[in-house]
Amino acid sequence: MTEPIVHRKLVKFQKVDGKTAEVQAVYEDSLSSGSSVGTVVAFHGSPGSHKDFKFIRQKLDAMGVRFIGINYPGFKQTEGYAGQDHSNEERQSYTNAFLKDMSLSGKVIFLAHSRGCENALMTATTFPATGLVMMNPVGLRLHKSLRPLSRYQRLESVYNMLPKFLGDAMIYKMYHSFGLKVQDGEEAINALRSVIRCGLDKTLPYIQKLQEQDTKNFIIFAGRDIIVEEEIIFESLKEYKDLEHFDYEDYIPSEDFSKILKTFDSGKGASVFVKNNKHYQNKARADLVAEVVRKILDLDTVKKNKL
């Protein structure tokens, strides 16, 4: 496993309160000079970082694909900032400012895990997108890890009232009891604040806009996900038109890869459900995801050659 190539740059963007924020963004960029093969921009979950995609990135390296891993402020890579809102509106303001000077010409696929899927979806309707790949998305309504939402909103209010060291200890302990890895209470509270501000049904207009684009789409999710119930994702799939669906128990035979990849030839793409898998398809299905990326990029090359 090769080490990620990490960079830093200053990013200025507007917060939801109208004020300007300025952060030193830490991000991964495997080929900062660009790639003629294509570029993948990755959006992590909450908590998360560019490191969550290391198994996929390793395979993309072998393909000559440029990999850019965004790190949202407050998750131990890019530092947080005063008055951080964590809403999609503010996260998207940061995303747009970050990507503005990244030279994303050519073929670009936006790839995301969990909470990051909402921002990848929004970005795919703003920047020219060859493809959108979403692993363990959060759906369009409250899922089990957010119910009841009022409990987590009260928890945030209690945290805000406590001295920081007590609040950090409380929230850190809670996240570890959930089996979620965080380095400290600050990362935990930022994760909590970002998930309780998920857009959910407010992202539906972006799905509808995506359907109007010539953007390939791939969604993979699991039945033993500790965050989101499978029925919530199945409901949301109804909004993604022309995706061919595949169901598996716990193993996807390599010979089935070709069946899944073939859906991109004439349709928008595919959705895959693995009943006995968990929340981390970015690790468990890195091989399939990398092949989907290869297929989408290859198809775009063929299409342009025909033109």
Side-chain angles (χ1 to χ4, degrees), residues 11 13-27 43-52 70-95 97-98 112-119 122 136-203 225-229 232 278-280:
V11 176
F13 59 100
Q14 190 175 63
K15 301 192 296 180
V16 292
D17 62 8
K19 297 178 181 179
T20 299
E22 185 176 299
V23 299
Q24 193 71 24
V26 177
Y27 63 100
F43 300 71
H44 64 77
S46 296
S49 76
H50 66 274
K51 298 176 183 178
D52 297 345
I70 293 177
N71 285 305
Y72 281 104
F75 294 97
K76 312 312 294 180
Q77 300 292 326
T78 300
E79 289 294 320
Y81 52 91
Q84 189 170 348
D85 183 67
H86 292 285
S87 65
N88 272 342
E89 182 181 354
E90 192 159 294
R91 284 163 61 94
Q92 207 56 31
S93 180
Y94 170 80
T95 304
F98 174 86
H113 177 244
S114 193
R115 172 68 173 93
C117 290
E118 290 194 341
N119 293 100
M122 295 169 73
N136 306 99
V138 295
L140 296 172
R141 63 180 174 92
L142 286 176
H143 41 268
K144 58 187 175 184
S145 69
L146 277 178
R147 292 195 306 267
L149 181 61
S150 59
R151 177 175 64 183
Y152 296 106
Q153 292 170 330
R154 286 194 299 271
L155 185 63
E156 182 187 13
S157 296
V158 170
Y159 176 93
N160 292 338
M161 292 186 291
L162 290 173
K164 189 175 185 303
F165 76 96
L166 287 178
D168 283 349
M170 174 191 71
I171 202 74
Y172 177 78
K173 183 177 181 180
M174 185 195 82
Y175 260 72
H176 268 262
S177 72
F178 291 163
L180 297 171
K181 294 180 181 180
V182 289
Q183 294 183 41
D184 54 27
E186 185 176 349
E187 184 180 17
I189 190 61
N190 285 330
L192 178 70
R193 286 168 173 161
S194 67
V195 296
I196 65 178
R197 290 166 178 77
C198 277
L200 303 176
D201 62 326
K202 293 183 180 65
T203 61
D225 194 316
I226 62 170
I227 305 296
V228 186
E229 301 92 324
I232 288 180
K278 298 181 180 180
H279 186 65
Y280 302 100

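Just so it is clear, the model here is predicted, and its values are computed rather than measured.
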Check: Rounded to the nearest 0.5 Å, how far does CD of E89 lie from OG of S93?
Finding: 8.0 Å

Check: I171 versus E186: any side-chain heavy-atom pair under 4.5 Å?
Finding: no

Check: Any side-chain heavy-atom pair from I70 and Y94 closer than 4.5 angstrom?
Finding: yes

Next item on the list: Measure the shortest side-chain to side-chain distance between D85 and K15 over non-hydrogen atoms and say whether it is less than 4.5 angstrom.
Entry: no

Next item on the list: Indicate the atoms forming the closest heavy-atom contact of A25 with V11, along with that distance.
Entry: CB-CG2, 3.6 Å

Item checked: Min side-chain heavy-atom separation N88-R197 under 4.5 Å -> no

Notebook entry, point to check: NZ of K144: more than 12 outside heavy atoms within 6.0 angstrom?
Noted result: yes

Note to self: Can you tell me how the ring of Y72 sits relative to the ring of F43, calling it parallel under 30°, perpendicular over 60° and tilted otherwise?
What the structure shows: tilted

Checklist line | side-chain contact (heavy atoms from CB on, under 4.5 Å) between H44 and Q77, intermediate numbers included | finding: CA-CA 12 Å; H44 64 77; Q77 300 292 326; over 6 Å; no

Checklist line | D184: partners by salt bridge (Lys or Arg N to Asp or Glu O under 4.0 Å), with sequence neighbours left out | finding: K76

Notebook entry, point to check: Does the N71 side chain pair with the main chain of T78, one donor and one acceptor, at a distance under 3.5 Å?
Noted result: no

Notebook entry, point to check: Tell me, do L140 and I232 make a side-chain contact under 4.5 Å, heavy atoms counted?
Noted result: no

Checklist line | Close side-chain approach of H143 to I227, heavy-atom, < 4.5 Å | finding: yes

Notebook entry, point to check: Measuring from S177:OG to M174:CE, what's the distance to the nearest 0.5 Å?
Noted result: 6.5 Å

Notebook entry, point to check: Given the rule in the side-chain contact (heavy atoms from CB on, under 4.5 Å) test, do M170 and L155 qualify, once you have shown the distances and angles that lead to the verdict?
Noted result: CA-CA 10 Å; M170 174 191 71; L155 185 63; 3.7 Å; yes

Next item on the list: Step by step, work out the ring-ring contact (aromatic ring centres under 6.0 Å, His included) result for Y81 and F13.
Entry: CA-CA 12 Å; Y81 52 91; F13 59 100; 5.4 Å; yes

Checklist line | Shortest non-hydrogen contact from R115 toward S46 | finding: CG-OG, 3.4 Å

Notebook entry, point to check: Which distance, rounded to the nearest 0.5 Å, do you find between the CZ of R151 and the CD1 of I196?
Noted result: 12.5 Å

Checklist line | Partners meeting salt bridge (Lys or Arg N to Asp or Glu O under 4.0 Å) with E187 (sequence neighbours left out) | finding: none

Item checked: Minimum heavy-atom distance H176-V182, with the two atoms named -> NE2-O, 3.4 Å

Margin query: Using the ring centroid of each side chain, check whether Y27 and H50 are separated by less than 6.0 Å.
Written below: no

Checklist line | Side-chain heavy atoms of F75 within contact of S49, under 4.5 Å | finding: no

Next item on the list: Please assess Q84 against E90 for the test side-chain contact (heavy atoms from CB on, under 4.5 Å), listing each intermediate value before the final yes or no.
Entry: CA-CA 8 Å; Q84 189 170 348; E90 192 159 294; 4.1 Å; yes

Next item on the list: Carefully, step by step, assess Y159 and D168 under the rule side-chain contact (heavy atoms from CB on, under 4.5 Å).
Entry: CA-CA 8 Å; Y159 176 93; D168 283 349; 2.5 Å; yes

Margin query: Looking at every heavy atom in both L200 and T203, which two are closest together, and how far apart are they?
Written below: O-OG1, 2.6 Å

Margin query: Between D201 and R141, is there a side-chain heavy-atom distance shorter than 4.5 Å?
Written below: no

Check: Which pair of non-hydrogen atoms, one from I226 and one from S145, has the smallest distance, and what is that distance?
Finding: O-CB, 4.4 Å

Checklist line | Spatial distance of atom CG (L142) from atom OH (Y152) [nearest 0.5 Å] | finding: 11.0 Å

Checklist line | Atom of V16, atom of S87 and distance for their closest heavy-atom approach | finding: CG1-OG, 3.7 Å

Next item on the list: Nearest 0.5 Å please: distance from the OH atom of Y175 over to the NZ atom of K181.
Entry: 15.5 Å

Next item on the list: Check salt bridge (Lys or Arg N to Asp or Glu O under 4.0 Å) between R91 and all other residues, then give those that pass, not counting sequence neighbours.
Entry: none

